[in-house]
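First the structure, in the form of structure tokens, and then the observations on it.
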Amino acid sequence: MCGIIGFVGKEQAAPILLDGLRRLEYRGYDSAGIAVCGEDGLRVKKARGRLQVLSDLTHAGADLPGVLGIGHTRWATHGEPNDVNAHPHVSQSGKIAVVHNGIIENYAELKGQLIAKGYTFRSETDTEVVAQLLDYYYADCQDFFEAMTRVLNAVEGAYALGIVCADYPDRMIAARKDAPLLLGYSENGSFIASDVTALIRHTRDIAYMDDGEMAVLSAGGIRVYDRLMRPVEKEHHHIDWDVDAAEKGGYDHFMLKEILEQPEAIRKATAARIQEGRVVLSDLAMTEEEIRSIGKIYIIACGSSYHVGMVGKYNLERMLRRTVEVCLASEFRYSDPIVGEGDLVIVISQSGETLDTMAALREAKKRGARILSIVNVVGSSIARESDDVLYTWAGPEIAVATTKAYSTQMAVLNLVGLYFGDIMGTVSYETYTAMVRDMQQLPEKMEKVLKDTEAIHALAKECADKEDVFFIGRNLDYALSLEGSLKLKEISYIHSEAYASGELKHGTISLIEDGTLVIALSTYEPLFDKAMSNVVEVQARGAKVLALTTEKHAADLAQRVPMVLSVPEVQQMLLPQLGVLPLQLLAYYIALERGCDIDKPRNLAKSVTVE
Ligand code: M6R
């Protein structure tokens with residue numbers, strides 16, 4: 001999704017902006033631009049394509065002197081990706097430049113009104129209306145800040161805005177509603193950014209803007225105002241992320257680095273939460289009484305986070321004996337959901353900024369449900385609007401395809417199941433102790449699976465020419481197949497479907513023909529024999545099968561199918577924690593063989609902050 005960086009301070013802005021944009025590249029973009037206010041007024045450079053084009057165009061920023069500037073990476077929503085539609089957008093007077101994340105919903109109406117007043121629009125974007133409207137109000141009242149408040153009252157929709165005006169070469173304006181924006185404080189100056197990764201080279205002292213707030217930034221500091229223009233004291237947060245964690249550290253791709261970081265991420269997510277054999281969730285505010293009185297449980301999320309919810313449904317129902325409904329946030333929000341007081345809504349999100357997930361959270365909250373979120377990005381919008389937050393502590397995840405966030409979300413959800421199950425008295429002593437023991441051993445078992453990347457690479461070479469791949473499985477293997485299939489399609493562009501094996505006969509099996517690749521997940525012991533029947537069925541129709549199973553069955557399966565991957569034995573509810581690793585690596589190596597842009601797959605963005 002689009003990225004924003006802005007700086008005003010004691011150094012030349014352009015190189016800082018380009019560096020910040022480079023760190024935001026992982027969010028996905030199709031064009032980039034910067035605007036700098038210098039002695040000779042406002043100068044804007046924009047270019048379609050990779051950031052390098054913009055950097056070359058400005059000689060790494062050297063061509064744009066000035067200590068105040070804004071930058072943007074755009075992921076097209078309104079209007080095709082081209083130089084004109086790229087941000088910043090400049091007003092008709094040439095004085096005002098705007099970068100924007102989000103969507104101005106009433107832009108067409110406002111644009112019509114401005115055209116009637118003589119304004120000419122250059123781009124097809126909704127954002128340009130902000131620049132032109134500000135220009136119009138500024139010309140009318142001659143007070144830039146007054147004009148800005150009028151604009152914020154007029155526009156509807158979601159926005160994170162960074163704005164500069166040639167008449168104020170030492171000031172930047174920022175505003176936020178329903179799109180993330182944070183403020184950075186340093187001795188060298190003041191920053192805005194759409195996420196922390198853009199700033200950690202310059203400052204670790206940040207504050208999150210809240211909806212309805214406007215900020216005025218200068219080299220000496222930042223003043224923040226609420227909707228009624230009353231000053232607001234912002235709480236500062238210290239970011240302790242390792243700079244290296246946001247860098248590739250010698251790996252060819254962030255995705256590979258993040259796959260291999262998973263054992264350590266799981267250690268971080270679980271170690272402090274398991275003390276003397278017991279799960280301790282001291283970061284939860286819920287009382288034992290409140291936990292015991294939970295009625296129905298909903299898990300709401302999008303994409304891979306939703307797939308974690310699918311695993312969670314099987315495991316939480318087993319541990320809590322409560323109905324767990326897993327909902328796609330984009331469906332839940334418009335479904336007039338039957339949710340209310342006494343219900344627990346577990347919201348899962350890596351970024352904490354996914355718009356549909358946020359909207360679903362608000363819908364559930366409005367109806368009286370209690371919200372517990374599982375989030376990676378500290379201080380993100382979803383975290384802040386939840387009643388309880390459990391952070392996954394996975395560190396920055398840069399590759400668009402999630403890996404370590406998925407794994408840590410699953411681990412935290414399992415901890416929730418154990419903690420609640422213990423309090424509710426619904427999880428047996430044997431299950432509890434086996435789960436706790438195996439969760440503590442997970443990192444080592446994960447390391448073991450991740451050691452043999454070359455074997456998986458070799459299999460990937462055999463599969464890389466396929467154009468259709470089916471993932472099948474039952475129960476937890478089905479939940480896992482959804483994620484395996486998504487990983488493969490999003491980075492390798494191979495068409496892939498995930499099916500509950502029992503559903504094959506109800507239609508899909510007609511697609512199986514000679515050579516069709518079927519990835520048969522067969523880790524779930526209670527249904528192993530059933531999984532084998534499905535393998536036989538698809539093989540009889542010509543499928544080439546790659547089976548994923550546990551070490552116990554590996555040798556036997558090697559006699560039955562041409563390709564086998566295996567994971568160590570573990571408590572059955574934890575099998576997806578191990579099973580996902582070979583599937584992530586398989587997708588990675590297939591994408592590598594096909595020469596795909598692994599960290600930034602086409603058409604995708606890391607954080608989906610539009611509907
Ligand atoms: O940040 P979130 O967890 O809310 O993001 C949800 C999905 O957009 C995300 O999981 C997406 O499906 C991933 N790119 C999949 O790898």
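All ligand and atom numbering here is 1-based and tracks the order in the structure. Keep in mind that the numbers below use all heavy atoms, side chains included, and drop hydrogens, waters and symmetry copies.
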At what distance is the nearest protein heavy atom to atom 16 (O) of ligand 1, and which residue and atom is it? E490 OE2, 2.5 Å
With a 3.5 Å cut-off and no angle check, do the side chains of E25 and T73 form a donor-acceptor pair? no
Any luck finding a side-chain donor-acceptor pair between E497 and T508 under 3.5 Å? no
Any residue meeting salt bridge (Lys or Arg N to Asp or Glu O under 4.0 Å) with R318, in chain and number order, not counting sequence neighbours: none
Pull out every atom of ligand 1 sitting under 4.0 Å from any heavy atom of S305, numbered as shown with elements. 2 (P), 3 (O), 10 (O)
Mind checking whether H87 and H72 have parallel, tilted or perpendicular rings, split at 30° and 60°? parallel
If you have a sec, work out which protein heavy atom is nearest atom 5 (O) of ligand 1 and how many Å separate them, to one decimal? T354 OG1, 3.5 Å
With no hydrogens and no angle check, just 3.5 Å: does a side-chain donor-acceptor pair link Q577 and Q262? no
Would the H457 and Y589 ring centres measure less than 6.0 Å apart? yes
Is Q350 close to ligand 1, meaning an N/O of one under 3.5 Å from an N/O of the other? yes
Heavy-atom contacts with K487 under 4.0 Å: which atoms of ligand 1 show up? List them by number with element. 15 (C), 16 (O)
Run the numbers for me: atoms of ligand 1, each under 4.0 Å from some heavy atom of A401, listed by number. 16 (O)
For atom 9 (C) of ligand 1, what is the closest protein heavy atom, and at what distance to 0.1 Å? S304 N, 4.0 Å
Within 45° cone and under 6.0 Å: R474 NZ/CZ vs Y524 ring: no
Does ligand 1 have an atom under 4.0 Å from some heavy atom of K606? no
Contact atoms of ligand 1, heavy-atom distance to S349 under 4.0 Å: 1 (O), 2 (P), 3 (O), 4 (O)
Taking N or O atoms only and a 3.5 Å limit, does V608 qualify as a polar contact for ligand 1? no
Tell me: protein heavy atom nearest atom 14 (N) of ligand 1, and distance? V400 O, 3.0 Å
Please list, in number order, the atoms of ligand 1 under 4.0 Å from a heavy atom of S351. 1 (O), 2 (P), 4 (O)
According to ring-ring contact (aromatic ring centres under 6.0 Å, His included), who are the partners of H236, at least two apart in sequence or on a separate chain? Y185
Can you tell me if S607 has a non-hydrogen atom under 4.0 Å from ligand 1? no
Are H253 and Y588 close enough that their ring centres sit under 6.0 Å apart? yes
Nearest non-hydrogen protein atom, atom 6 (C) of ligand 1: C302 O, 3.4 Å
